[in-house]
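Structure, as C-alpha coordinates:
Numbered from 1 within each chain, the chains take letters A, B, ... in sequence-line order.
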Number of protein chains: 2
Amino acid sequence: MSDDLTEMLAPEEKPEEKKDVTDLLLHDILTGTLPAGAWLKQIDLERRYDCTRPEVRRALDRLSQRRLVQHNPNRGYQVYELDDQRTREISDIRVILETGVADRMVANVTPAAIAELRGLARQFDEMSFRGSIMEHYDANLAFHRALLMLSGNSELVEVVAEIRQRTVSAPVSQWRTRARIEQSAREHHLMVDALEAGDLPELKRLIEIHIRQAPIKA
Amino acid sequence: MSDDLTEMLAPEEKPEEKKDVTDLLLHDILTGTLPAGAWLKQIDLERRYDCTRPEVRRALDRLSQRRLVQHNPNRGYQVYELDDQRTREISDIRVILETGVADRMVANVTPAAIAELRGLARQFDEMSFRGSIMEHYDANLAFHRALLMLSGNSELVEVVAEIRQRTVSAPVSQWRTRARIEQSAREHHLMVDALEAGDLPELKRLIEIHIRQAPIKA
DNA sequence: GTAACCAGAATTGGCGCCAATTTATGATAA
DNA sequence: TTATCATAAATTGGCGCCAATTCTGGTTAC
(Lines give C-alpha, C1' and ligand atoms only; values in the text may rest on other atoms or scores of the structure.)
Protein backbone atom coordinates (compact mmCIF):
# COMPACT_ATOMS: atom_id res chain seq x y z
CA MET A 1 0.00 0.00 0.00
CA SER A 2 2.77 2.38 0.86
CA ASP A 3 4.26 1.56 -2.52
CA ASP A 4 1.09 2.61 -4.26
CA LEU A 5 1.05 5.78 -2.22
CA THR A 6 4.55 6.86 -3.18
CA GLU A 7 3.80 6.07 -6.77
CA MET A 8 0.67 8.17 -6.55
CA LEU A 9 2.45 11.08 -4.95
CA ALA A 10 5.40 11.12 -7.30
CA PRO A 11 4.32 9.33 -10.42
CA GLU A 12 7.21 10.28 -12.62
CA GLU A 13 9.90 11.64 -10.37
CA LYS A 14 11.14 8.83 -8.18
CA PRO A 15 11.07 5.97 -10.69
CA GLU A 16 12.86 8.11 -13.23
CA GLU A 17 15.86 8.63 -11.01
CA LYS A 18 16.11 4.98 -10.17
CA LYS A 19 16.52 3.98 -13.82
CA ASP A 20 19.96 2.88 -14.84
CA VAL A 21 21.95 5.61 -16.56
CA THR A 22 23.39 3.13 -19.05
CA ASP A 23 19.91 2.30 -20.30
CA LEU A 24 18.97 5.96 -20.57
CA LEU A 25 22.08 6.74 -22.58
CA LEU A 26 21.55 3.66 -24.72
CA HIS A 27 17.99 4.78 -25.33
CA ASP A 28 19.06 8.21 -26.53
CA ILE A 29 21.68 6.75 -28.85
CA LEU A 30 19.26 4.21 -30.30
CA THR A 31 16.53 6.76 -30.93
CA GLY A 32 19.00 9.11 -32.54
CA THR A 33 18.53 11.83 -29.95
CA LEU A 34 22.29 11.69 -29.64
CA PRO A 35 23.34 11.39 -33.28
CA ALA A 36 26.32 9.44 -34.56
CA GLY A 37 29.57 11.30 -34.08
CA ALA A 38 28.24 13.49 -31.26
CA TRP A 39 30.61 14.19 -28.39
CA LEU A 40 29.43 12.83 -25.05
CA LYS A 41 30.77 15.30 -22.51
CA GLN A 42 30.57 13.97 -19.01
CA ILE A 43 29.19 17.18 -17.53
CA ASP A 44 26.40 17.32 -20.09
CA LEU A 45 25.36 13.74 -19.40
CA GLU A 46 25.59 14.38 -15.68
CA ARG A 47 23.03 17.17 -16.00
CA ARG A 48 20.91 15.50 -18.67
CA TYR A 49 20.27 12.40 -16.60
CA ASP A 50 20.55 14.12 -13.23
CA CYS A 51 23.16 11.71 -11.95
CA THR A 52 26.69 11.70 -10.56
CA ARG A 53 30.01 11.65 -12.36
CA PRO A 54 30.90 8.02 -11.58
CA GLU A 55 27.55 6.85 -12.93
CA VAL A 56 28.20 8.65 -16.20
CA ARG A 57 31.64 7.17 -16.48
CA ARG A 58 30.41 3.66 -15.80
CA ALA A 59 27.78 4.02 -18.51
CA LEU A 60 30.33 5.35 -21.00
CA ASP A 61 32.75 2.57 -20.19
CA ARG A 62 30.08 -0.09 -20.62
CA LEU A 63 28.86 1.27 -23.93
CA SER A 64 32.40 1.67 -25.22
CA GLN A 65 32.97 -2.00 -24.35
CA ARG A 66 29.93 -2.83 -26.46
CA ARG A 67 31.42 -0.63 -29.17
CA LEU A 68 28.42 1.66 -29.21
CA VAL A 69 30.50 4.68 -28.29
CA GLN A 70 34.09 5.35 -29.19
CA HIS A 71 36.62 6.24 -26.51
CA ASN A 72 39.38 8.69 -27.36
CA PRO A 73 41.74 8.73 -24.37
CA ASN A 74 42.06 12.12 -22.74
CA ARG A 75 39.78 13.58 -25.38
CA GLY A 76 36.39 12.10 -24.67
CA TYR A 77 33.69 9.76 -25.86
CA GLN A 78 31.56 10.06 -28.97
CA VAL A 79 28.72 8.08 -30.49
CA TYR A 80 30.17 5.47 -32.77
CA GLU A 81 29.95 6.25 -36.43
CA LEU A 82 29.61 3.02 -38.32
CA ASP A 83 30.56 2.67 -41.92
CA ASP A 84 28.67 0.74 -44.54
CA GLN A 85 31.06 -2.17 -44.38
CA ARG A 86 30.51 -2.83 -40.69
CA THR A 87 26.76 -2.50 -41.14
CA ARG A 88 26.88 -5.13 -43.85
CA GLU A 89 29.09 -7.38 -41.76
CA ILE A 90 26.74 -7.21 -38.81
CA SER A 91 23.77 -7.95 -41.04
CA ASP A 92 25.63 -10.96 -42.41
CA ILE A 93 26.20 -12.28 -38.91
CA ARG A 94 22.54 -11.91 -38.07
CA VAL A 95 21.48 -13.65 -41.27
CA ILE A 96 23.80 -16.57 -40.59
CA LEU A 97 22.63 -16.93 -36.98
CA GLU A 98 18.92 -16.50 -37.51
CA THR A 99 18.61 -18.59 -40.66
CA GLY A 100 20.96 -21.12 -39.04
CA VAL A 101 18.40 -21.92 -36.35
CA ALA A 102 15.36 -21.70 -38.62
CA ASP A 103 15.14 -25.49 -38.82
CA ARG A 104 14.97 -25.74 -35.04
CA MET A 105 12.32 -23.05 -34.91
CA VAL A 106 10.18 -25.06 -37.34
CA ALA A 107 10.82 -28.21 -35.33
CA ASN A 108 9.92 -26.70 -31.96
CA VAL A 109 6.94 -24.61 -32.99
CA THR A 110 3.60 -25.16 -31.23
CA PRO A 111 0.11 -23.74 -31.75
CA ALA A 112 0.55 -21.71 -28.56
CA ALA A 113 3.77 -20.20 -29.91
CA ILE A 114 2.06 -19.32 -33.19
CA ALA A 115 -0.68 -17.55 -31.26
CA GLU A 116 1.85 -15.62 -29.19
CA LEU A 117 3.80 -14.54 -32.26
CA ARG A 118 0.64 -13.41 -34.02
CA GLY A 119 -0.18 -11.30 -30.97
CA LEU A 120 3.26 -9.71 -30.94
CA ALA A 121 3.13 -9.07 -34.69
CA ARG A 122 -0.23 -7.38 -34.21
CA GLN A 123 1.20 -5.29 -31.39
CA PHE A 124 3.88 -4.09 -33.77
CA ASP A 125 1.19 -3.21 -36.29
CA GLU A 126 -0.62 -1.07 -33.75
CA MET A 127 2.55 0.76 -32.79
CA SER A 128 2.75 1.97 -36.36
CA PHE A 129 -0.22 4.24 -35.72
CA ARG A 130 0.23 5.31 -32.12
CA GLY A 131 3.35 4.87 -30.02
CA SER A 132 6.79 6.44 -29.90
CA ILE A 133 9.81 5.35 -31.89
CA MET A 134 11.18 3.52 -28.91
CA GLU A 135 7.95 1.68 -28.21
CA HIS A 136 7.98 0.62 -31.81
CA TYR A 137 11.56 -0.54 -31.48
CA ASP A 138 10.67 -2.50 -28.35
CA ALA A 139 7.70 -4.15 -30.04
CA ASN A 140 9.95 -5.24 -32.87
CA LEU A 141 12.48 -6.54 -30.38
CA ALA A 142 9.80 -8.50 -28.52
CA PHE A 143 8.63 -10.20 -31.71
CA HIS A 144 12.12 -11.25 -32.76
CA ARG A 145 12.99 -12.37 -29.27
CA ALA A 146 9.96 -14.63 -29.15
CA LEU A 147 10.74 -15.92 -32.62
CA LEU A 148 14.33 -16.75 -31.74
CA MET A 149 13.27 -18.28 -28.45
CA LEU A 150 11.73 -21.08 -30.49
CA SER A 151 15.24 -22.25 -31.31
CA GLY A 152 15.54 -23.37 -27.70
CA ASN A 153 18.87 -21.57 -27.44
CA SER A 154 18.46 -18.75 -24.93
CA GLU A 155 22.12 -17.82 -25.19
CA LEU A 156 21.65 -17.15 -28.88
CA VAL A 157 18.76 -14.84 -28.11
CA GLU A 158 21.07 -12.75 -25.95
CA VAL A 159 23.87 -12.74 -28.50
CA VAL A 160 21.58 -11.58 -31.28
CA ALA A 161 20.15 -8.86 -29.04
CA GLU A 162 23.68 -7.60 -28.35
CA ILE A 163 24.70 -7.72 -31.97
CA ARG A 164 21.53 -5.98 -33.07
CA GLN A 165 22.34 -3.07 -30.76
CA ARG A 166 25.54 -2.47 -32.66
CA THR A 167 23.94 -1.42 -35.86
CA VAL A 168 20.61 0.22 -35.25
CA SER A 169 21.86 3.69 -34.41
CA ALA A 170 21.44 4.76 -38.02
CA PRO A 171 18.60 2.51 -39.27
CA VAL A 172 16.23 3.56 -36.47
CA SER A 173 15.94 6.92 -38.12
CA GLN A 174 15.40 5.16 -41.42
CA TRP A 175 12.39 3.57 -39.82
CA ARG A 176 10.57 6.82 -40.01
CA THR A 177 9.55 6.07 -43.52
CA ARG A 178 6.09 4.61 -43.22
CA ALA A 179 6.55 2.35 -46.21
CA ARG A 180 9.46 0.58 -44.59
CA ILE A 181 7.56 0.09 -41.34
CA GLU A 182 4.53 -1.34 -43.05
CA GLN A 183 6.70 -3.73 -45.02
CA SER A 184 8.35 -4.91 -41.81
CA ALA A 185 4.93 -5.47 -40.29
CA ARG A 186 3.85 -7.54 -43.28
CA GLU A 187 7.05 -9.57 -43.15
CA HIS A 188 6.39 -10.42 -39.52
CA HIS A 189 3.06 -11.97 -40.41
CA LEU A 190 4.55 -13.78 -43.40
CA MET A 191 7.19 -15.29 -41.17
CA VAL A 192 4.55 -16.64 -38.82
CA ASP A 193 2.71 -18.03 -41.83
CA ALA A 194 5.80 -19.85 -43.06
CA LEU A 195 6.46 -21.12 -39.56
CA GLU A 196 2.93 -22.44 -39.23
CA ALA A 197 3.11 -24.12 -42.63
CA GLY A 198 6.47 -25.65 -41.76
CA ASP A 199 7.94 -24.10 -44.89
CA LEU A 200 11.63 -23.93 -43.94
CA PRO A 201 13.07 -22.48 -47.19
CA GLU A 202 10.45 -19.72 -47.26
CA LEU A 203 11.11 -18.89 -43.60
CA LYS A 204 14.83 -18.60 -44.28
CA ARG A 205 14.17 -16.41 -47.29
CA LEU A 206 11.91 -14.10 -45.28
CA ILE A 207 14.37 -13.84 -42.40
CA GLU A 208 17.17 -12.81 -44.74
CA ILE A 209 15.00 -10.27 -46.53
CA HIS A 210 13.78 -8.88 -43.24
CA ILE A 211 17.24 -8.43 -41.76
CA ARG A 212 18.71 -6.96 -44.91
CA GLN A 213 15.67 -4.68 -45.16
CA ALA A 214 15.60 -5.45 -48.84
CA PRO A 215 12.48 -4.74 -50.91
CA ILE A 216 10.31 -7.82 -50.70
CA LYS A 217 9.96 -10.04 -53.72
CA ALA A 218 6.49 -11.34 -54.32
CA MET B 1 67.08 5.48 -26.90
CA SER B 2 65.78 6.39 -23.51
CA ASP B 3 62.97 3.91 -24.07
CA ASP B 4 65.42 1.12 -24.66
CA LEU B 5 67.25 2.09 -21.53
CA THR B 6 64.26 1.88 -19.25
CA GLU B 7 63.32 -1.42 -20.80
CA MET B 8 66.81 -2.69 -20.20
CA LEU B 9 66.86 -1.54 -16.60
CA ALA B 10 63.48 -2.90 -15.66
CA PRO B 11 62.65 -5.60 -18.17
CA GLU B 12 59.68 -7.08 -16.36
CA GLU B 13 58.66 -4.62 -13.72
CA LYS B 14 57.39 -1.51 -15.45
CA PRO B 15 55.57 -3.15 -18.37
CA GLU B 16 53.87 -5.51 -15.96
CA GLU B 17 52.23 -2.71 -14.03
CA LYS B 18 51.08 -1.02 -17.18
CA LYS B 19 49.08 -4.06 -18.28
CA ASP B 20 45.35 -3.68 -18.05
CA VAL B 21 43.88 -5.24 -14.94
CA THR B 22 40.90 -6.54 -16.89
CA ASP B 23 43.21 -8.61 -19.07
CA LEU B 24 45.09 -9.95 -16.08
CA LEU B 25 41.88 -10.99 -14.36
CA LEU B 26 40.56 -12.47 -17.59
CA HIS B 27 43.79 -14.39 -17.95
CA ASP B 28 43.51 -15.91 -14.49
CA ILE B 29 39.91 -16.90 -15.06
CA LEU B 30 40.65 -18.48 -18.43
CA THR B 31 43.61 -20.47 -17.17
CA GLY B 32 41.60 -21.70 -14.22
CA THR B 33 43.86 -20.05 -11.66
CA LEU B 34 40.66 -18.54 -10.35
CA PRO B 35 38.29 -21.51 -10.55
CA ALA B 36 34.59 -21.31 -11.34
CA GLY B 37 32.53 -20.23 -8.37
CA ALA B 38 35.45 -18.53 -6.61
CA TRP B 39 34.67 -15.29 -4.82
CA LEU B 40 36.52 -12.28 -6.21
CA LYS B 41 37.09 -10.05 -3.21
CA GLN B 42 38.16 -6.57 -4.20
CA ILE B 43 40.95 -6.35 -1.62
CA ASP B 44 42.44 -9.63 -2.76
CA LEU B 45 42.48 -8.54 -6.40
CA GLU B 46 43.86 -5.17 -5.39
CA ARG B 47 46.88 -6.89 -3.82
CA ARG B 48 47.18 -9.66 -6.39
CA TYR B 49 47.50 -7.28 -9.31
CA ASP B 50 49.08 -4.47 -7.33
CA CYS B 51 46.51 -1.92 -8.46
CA THR B 52 43.97 0.48 -7.01
CA ARG B 53 40.39 -0.12 -5.95
CA PRO B 54 38.73 1.66 -8.89
CA GLU B 55 40.77 -0.37 -11.36
CA VAL B 56 39.57 -3.58 -9.75
CA ARG B 57 35.99 -2.44 -9.83
CA ARG B 58 36.19 -1.43 -13.47
CA ALA B 59 37.59 -4.84 -14.38
CA LEU B 60 34.86 -6.62 -12.41
CA ASP B 61 32.17 -4.51 -13.99
CA ARG B 62 33.49 -5.17 -17.48
CA LEU B 63 33.75 -8.91 -17.00
CA SER B 64 30.31 -9.08 -15.42
CA GLN B 65 28.97 -7.29 -18.50
CA ARG B 66 30.57 -10.01 -20.61
CA ARG B 67 28.96 -12.54 -18.26
CA LEU B 68 32.28 -14.00 -17.27
CA VAL B 69 31.78 -13.17 -13.62
CA GLN B 70 28.51 -13.01 -11.74
CA HIS B 71 27.62 -9.93 -9.72
CA ASN B 72 25.67 -10.37 -6.50
CA PRO B 73 24.74 -6.87 -5.33
CA ASN B 74 26.15 -5.99 -1.93
CA ARG B 75 27.60 -9.47 -1.69
CA GLY B 76 30.36 -9.59 -4.24
CA TYR B 77 31.52 -11.04 -7.52
CA GLN B 78 32.31 -14.64 -8.33
CA VAL B 79 33.59 -16.50 -11.36
CA TYR B 80 30.62 -17.60 -13.41
CA GLU B 81 29.70 -21.22 -13.07
CA LEU B 82 28.25 -22.39 -16.34
CA ASP B 83 26.01 -25.37 -16.58
CA ASP B 84 26.09 -27.98 -19.32
CA GLN B 85 23.13 -26.47 -21.13
CA ARG B 86 24.76 -23.08 -21.60
CA THR B 87 27.99 -24.74 -22.72
CA ARG B 88 26.06 -26.64 -25.34
CA GLU B 89 24.18 -23.54 -26.43
CA ILE B 90 27.39 -21.57 -26.88
CA SER B 91 28.93 -24.42 -28.85
CA ASP B 92 25.85 -24.45 -31.07
CA ILE B 93 26.24 -20.75 -31.77
CA ARG B 94 29.87 -21.18 -32.70
CA VAL B 95 29.07 -24.11 -34.98
CA ILE B 96 26.39 -22.10 -36.77
CA LEU B 97 28.63 -19.07 -37.21
CA GLU B 98 31.83 -20.80 -38.22
CA THR B 99 30.27 -23.35 -40.55
CA GLY B 100 28.04 -20.57 -41.88
CA VAL B 101 31.01 -18.72 -43.32
CA ALA B 102 32.90 -21.82 -44.44
CA ASP B 103 31.83 -21.25 -48.04
CA ARG B 104 33.29 -17.76 -47.99
CA MET B 105 36.51 -19.05 -46.47
CA VAL B 106 36.85 -21.53 -49.33
CA ALA B 107 36.07 -18.80 -51.84
CA ASN B 108 38.55 -16.29 -50.45
CA VAL B 109 41.45 -18.62 -49.72
CA THR B 110 44.84 -17.92 -51.29
CA PRO B 111 48.16 -19.80 -51.33
CA ALA B 112 49.58 -17.18 -49.00
CA ALA B 113 46.74 -17.74 -46.53
CA ILE B 114 47.29 -21.48 -46.64
CA ALA B 115 50.94 -20.97 -45.84
CA GLU B 116 50.11 -18.67 -42.93
CA LEU B 117 47.60 -21.13 -41.50
CA ARG B 118 50.06 -23.99 -41.78
CA GLY B 119 52.56 -21.90 -39.85
CA LEU B 120 50.06 -21.13 -37.11
CA ALA B 121 48.99 -24.76 -36.91
CA ARG B 122 52.64 -25.76 -36.53
CA GLN B 123 53.09 -23.16 -33.82
CA PHE B 124 50.22 -24.77 -31.94
CA ASP B 125 51.92 -28.15 -32.33
CA GLU B 126 55.11 -26.84 -30.81
CA MET B 127 53.26 -25.35 -27.85
CA SER B 128 52.14 -28.86 -26.98
CA PHE B 129 55.69 -29.69 -25.94
CA ARG B 130 56.96 -26.47 -24.44
CA GLY B 131 54.87 -23.45 -23.55
CA SER B 132 52.43 -22.58 -20.81
CA ILE B 133 48.70 -23.21 -20.87
CA MET B 134 48.05 -19.62 -21.80
CA GLU B 135 50.57 -19.62 -24.63
CA HIS B 136 48.86 -22.71 -25.91
CA TYR B 137 45.50 -21.01 -25.64
CA ASP B 138 46.82 -17.97 -27.49
CA ALA B 139 48.27 -20.09 -30.27
CA ASN B 140 44.91 -21.77 -30.70
CA LEU B 141 43.21 -18.37 -30.75
CA ALA B 142 45.62 -17.07 -33.38
CA PHE B 143 44.93 -20.03 -35.66
CA HIS B 144 41.17 -19.69 -35.45
CA ARG B 145 41.35 -15.94 -35.83
CA ALA B 146 43.35 -16.29 -39.04
CA LEU B 147 40.97 -18.97 -40.25
CA LEU B 148 37.90 -16.85 -39.63
CA MET B 149 39.56 -13.81 -41.13
CA LEU B 150 39.28 -15.57 -44.47
CA SER B 151 35.54 -14.98 -44.34
CA GLY B 152 36.27 -11.31 -44.92
CA ASN B 153 34.00 -10.40 -42.00
CA SER B 154 36.16 -8.82 -39.30
CA GLU B 155 33.15 -8.12 -37.12
CA LEU B 156 32.40 -11.82 -37.04
CA VAL B 157 35.94 -12.51 -35.89
CA GLU B 158 35.38 -10.26 -32.91
CA VAL B 159 31.99 -11.74 -32.10
CA VAL B 160 33.32 -15.28 -32.14
CA ALA B 161 36.24 -14.25 -29.95
CA GLU B 162 33.82 -12.79 -27.41
CA ILE B 163 31.54 -15.79 -27.48
CA ARG B 164 34.43 -18.17 -27.15
CA GLN B 165 35.50 -16.44 -23.95
CA ARG B 166 32.20 -17.31 -22.38
CA THR B 167 32.73 -21.02 -22.31
CA VAL B 168 36.40 -21.83 -21.98
CA SER B 169 36.70 -21.40 -18.22
CA ALA B 170 36.05 -25.09 -17.69
CA PRO B 171 37.35 -26.67 -20.93
CA VAL B 172 40.78 -25.06 -20.59
CA SER B 173 41.49 -27.38 -17.72
CA GLN B 174 40.20 -30.25 -19.84
CA TRP B 175 42.95 -29.40 -22.27
CA ARG B 176 45.46 -30.84 -19.90
CA THR B 177 44.82 -34.26 -21.33
CA ARG B 178 47.51 -34.72 -23.94
CA ALA B 179 45.29 -36.87 -26.14
CA ARG B 180 42.80 -34.05 -26.56
CA ILE B 181 45.50 -31.52 -27.40
CA GLU B 182 47.06 -33.74 -30.00
CA GLN B 183 43.70 -34.36 -31.59
CA SER B 184 43.07 -30.61 -31.79
CA ALA B 185 46.45 -30.16 -33.42
CA ARG B 186 45.66 -32.83 -36.00
CA GLU B 187 42.27 -31.25 -36.70
CA HIS B 188 43.94 -27.92 -37.39
CA HIS B 189 46.03 -29.46 -40.14
CA LEU B 190 43.05 -31.36 -41.54
CA MET B 191 41.09 -28.14 -41.75
CA VAL B 192 43.86 -26.50 -43.75
CA ASP B 193 43.92 -29.57 -46.00
CA ALA B 194 40.20 -29.34 -46.67
CA LEU B 195 40.53 -25.62 -47.27
CA GLU B 196 43.34 -26.13 -49.76
CA ALA B 197 41.39 -28.85 -51.56
CA GLY B 198 38.30 -26.66 -51.65
CA ASP B 199 36.32 -29.44 -49.97
CA LEU B 200 33.50 -27.45 -48.37
CA PRO B 201 31.49 -30.31 -46.80
CA GLU B 202 34.62 -31.78 -45.23
CA LEU B 203 35.65 -28.38 -43.88
CA LYS B 204 32.23 -27.90 -42.30
CA ARG B 205 32.39 -31.36 -40.77
CA LEU B 206 35.82 -30.71 -39.28
CA ILE B 207 34.82 -27.33 -37.87
CA GLU B 208 31.82 -28.83 -36.11
CA ILE B 209 33.84 -31.72 -34.72
CA HIS B 210 36.56 -29.37 -33.59
CA ILE B 211 34.22 -27.02 -31.76
CA ARG B 212 32.23 -29.79 -30.13
CA GLN B 213 35.52 -31.47 -29.17
CA ALA B 214 33.98 -34.74 -30.23
CA PRO B 215 36.17 -37.78 -30.91
CA ILE B 216 37.17 -37.61 -34.55
CA LYS B 217 35.69 -40.03 -37.02
CA ALA B 218 38.08 -41.37 -39.61
C1' DG C 1 21.75 -28.69 23.33
C1' DT C 2 19.99 -25.86 19.94
C1' DA C 3 18.27 -21.85 17.99
C1' DA C 4 17.73 -17.04 17.74
C1' DC C 5 19.70 -12.72 18.37
C1' DC C 6 22.84 -9.06 18.79
C1' DA C 7 27.23 -6.62 18.47
C1' DG C 8 31.80 -6.24 16.02
C1' DA C 9 34.38 -6.84 11.85
C1' DA C 10 34.74 -6.88 7.08
C1' DT C 11 33.25 -5.88 2.50
C1' DT C 12 30.86 -3.47 -0.97
C1' DG C 13 29.73 0.64 -3.42
C1' DG C 14 28.59 5.69 -3.84
C1' DC C 15 30.67 10.13 -4.09
C1' DG C 16 33.78 14.18 -4.61
C1' DC C 17 38.31 16.07 -4.95
C1' DC C 18 42.41 17.19 -7.52
C1' DA C 19 46.18 16.33 -10.80
C1' DA C 20 47.18 15.65 -15.81
C1' DT C 21 46.04 16.50 -20.33
C1' DT C 22 43.86 18.83 -23.89
C1' DT C 23 41.49 22.69 -26.05
C1' DA C 24 40.37 27.53 -26.56
C1' DT C 25 41.80 32.33 -26.40
C1' DG C 26 44.34 36.24 -26.97
C1' DA C 27 48.62 38.61 -27.48
C1' DT C 28 52.85 39.32 -29.88
C1' DA C 29 55.94 39.20 -33.61
C1' DA C 30 56.98 38.55 -38.49
C1' DT D 1 47.08 40.11 -41.81
C1' DT D 2 48.53 35.73 -40.41
C1' DA D 3 51.20 32.46 -37.89
C1' DT D 4 53.01 31.03 -33.47
C1' DC D 5 53.42 30.76 -28.90
C1' DA D 6 52.01 31.34 -24.06
C1' DT D 7 48.53 31.52 -20.85
C1' DA D 8 43.93 30.39 -19.13
C1' DA D 9 39.79 27.56 -19.14
C1' DA D 10 37.70 23.26 -19.49
C1' DT D 11 37.60 18.37 -19.58
C1' DT D 12 39.12 13.89 -18.54
C1' DG D 13 40.49 10.38 -15.37
C1' DG D 14 42.91 8.50 -11.15
C1' DC D 15 42.43 7.96 -6.29
C1' DG D 16 40.82 7.62 -1.43
C1' DC D 17 37.32 8.33 1.99
C1' DC D 18 33.14 7.02 4.27
C1' DA D 19 28.34 5.34 4.63
C1' DA D 20 25.38 1.20 3.92
C1' DT D 21 25.02 -3.53 3.87
C1' DT D 22 26.39 -8.14 4.85
C1' DC D 23 28.91 -11.69 7.24
C1' DT D 24 30.87 -13.76 11.59
C1' DG D 25 31.37 -15.09 16.21
C1' DG D 26 29.80 -15.14 20.68
C1' DT D 27 26.21 -14.92 23.94
C1' DT D 28 21.74 -15.53 25.83
C1' DA D 29 17.33 -17.47 26.18
C1' DC D 30 14.38 -21.37 25.66
Side-chain angles (χ1 to χ4, degrees), chain A residues 2-3 6 10 13-29 33-81, chain B residues 2-3 6 10 13-29 33-81:
Chain A
S2 60
D3 284 296
T6 52
E13 210 168 341
K14 292 279 175 180
E16 200 173 357
E17 291 185 13
K18 284 190 178 179
K19 257 197 176 178
D20 187 21
V21 189
T22 310
D23 291 334
L24 294 172
L25 181 55
L26 179 68
H27 172 281
D28 285 344
I29 291 174
T33 311
L34 295 169
W39 286 95
L40 302 170
K41 282 194 279 186
Q42 297 183 4
I43 295 186
D44 293 343
L45 301 178
E46 200 171 339
R47 288 172 190 157
R48 172 184 261 259
Y49 304 120
D50 188 36
C51 60
T52 62
R53 181 61 60 94
E55 282 179 296
V56 170
R57 283 207 270 176
R58 186 152 50 95
L60 287 172
D61 185 67
R62 284 180 176 177
L63 294 183
S64 69
Q65 290 292 308
R66 291 200 224 169
R67 302 184 59 182
L68 267 156
V69 304
Q70 193 177 3
H71 177 45
N72 314 57
N74 284 322
R75 298 200 53 226
Y77 297 82
Q78 54 183 331
V79 180
Y80 212 99
E81 212 148 1
Chain B
S2 60
D3 283 295
T6 50
E13 210 168 341
K14 292 280 173 181
E16 200 173 356
E17 291 184 15
K18 284 189 179 178
K19 257 197 175 178
D20 186 21
V21 189
T22 310
D23 291 334
L24 294 172
L25 181 55
L26 180 67
H27 173 281
D28 285 344
I29 291 173
T33 311
L34 294 169
W39 286 96
L40 302 170
K41 283 196 279 188
Q42 297 183 5
I43 296 186
D44 294 343
L45 301 178
E46 199 172 338
R47 289 171 189 157
R48 172 185 264 260
Y49 303 120
D50 189 35
C51 62
T52 62
R53 181 62 57 95
E55 283 180 295
V56 170
R57 283 207 268 180
R58 188 153 50 95
L60 287 171
D61 186 67
R62 283 180 177 178
L63 294 184
S64 69
Q65 290 291 309
R66 291 200 223 169
R67 301 182 61 181
L68 266 156
V69 304
Q70 193 178 3
H71 176 44
N72 314 58
N74 284 320
R75 298 201 51 227
Y77 297 81
Q78 54 183 331
V79 180
Y80 213 98
E81 211 149 1

Shorter than 3.5 Å, N or O on both sides, protein versus nucleotides 8-12 of chain D: list them out with atom names.
| from | atom 1 | to | atom 2 | distance (Å) |
| --- | --- | --- | --- | --- |
| D:dT11 | OP1 | A:K41 | NZ | 3.4 |
| D:dT12 | OP1 | A:Q42 | N | 3.4 |
| D:dT12 | OP2 | A:Q42 | N | 3.4 |

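Within the 4.0 Å cut-off from OP1 or OP2 of D:dG14, not a single side-chain nitrogen or oxygen of B:T52 is found.
Separating the CD atom of A:Q78 from the C1' atom of C:dT22 is a distance of 15 Å, rounded to the nearest angstrom. Rounded to a whole Å, the CD atom of B:E55 is 11 Å from the C1' atom of D:dG13. Between the P atom of C:dC15 and the CG atom of A:D50 lies a distance of 11 Å, rounded to the nearest Å. C:dC15 atom P lies 19 Å from atom CZ of B:R58, rounded to whole Å. Rounded to an integer number of Å, the gap from CH2 of B:W39 to P of C:dA10 is 18 Å. What separates CG of A:L45 from P of D:dG13 is a distance of 13 Å, to the nearest Å.
Across all their heavy atoms, A:V56 and A:C51 have their closest contact at CG2-SG, 3.6 Å. Of all the heavy atoms in A:Y49 and A:L25, the pair that sits closest is OH-CA, 3.5 Å. Closest non-hydrogen pair, A:G37 versus A:E81, comes out as CA-OE1, 3.6 Å. When all heavy atoms of B:V69 and B:L60 are compared, the pair lying nearest together is CG2-O, 3.7 Å. Closest heavy-atom contact between B:L40 and B:L34: CD2-CD1, 3.9 Å.
Residues B:R62 and A:D61 are in side-chain contact: their nearest non-hydrogen atoms beyond the backbone lie under 4.5 Å apart. Side-chain atoms of B:T22 and B:E55, non-hydrogen and from C-beta on, never get closer than 4.5 Å to each other.
Inter-axis angle, ends of the helix from C:dG1-D:dC30 to C:dA30-D:dT1, five pairs per end, rounded to 10 degrees: 10°.
Sorted by first and then second residue, the pairs that involve residues 66-77 of chain B and meet side chain to side chain donor-acceptor pair (under 3.5 Å), not counting sequence neighbours, are B:R66-B:Q165.
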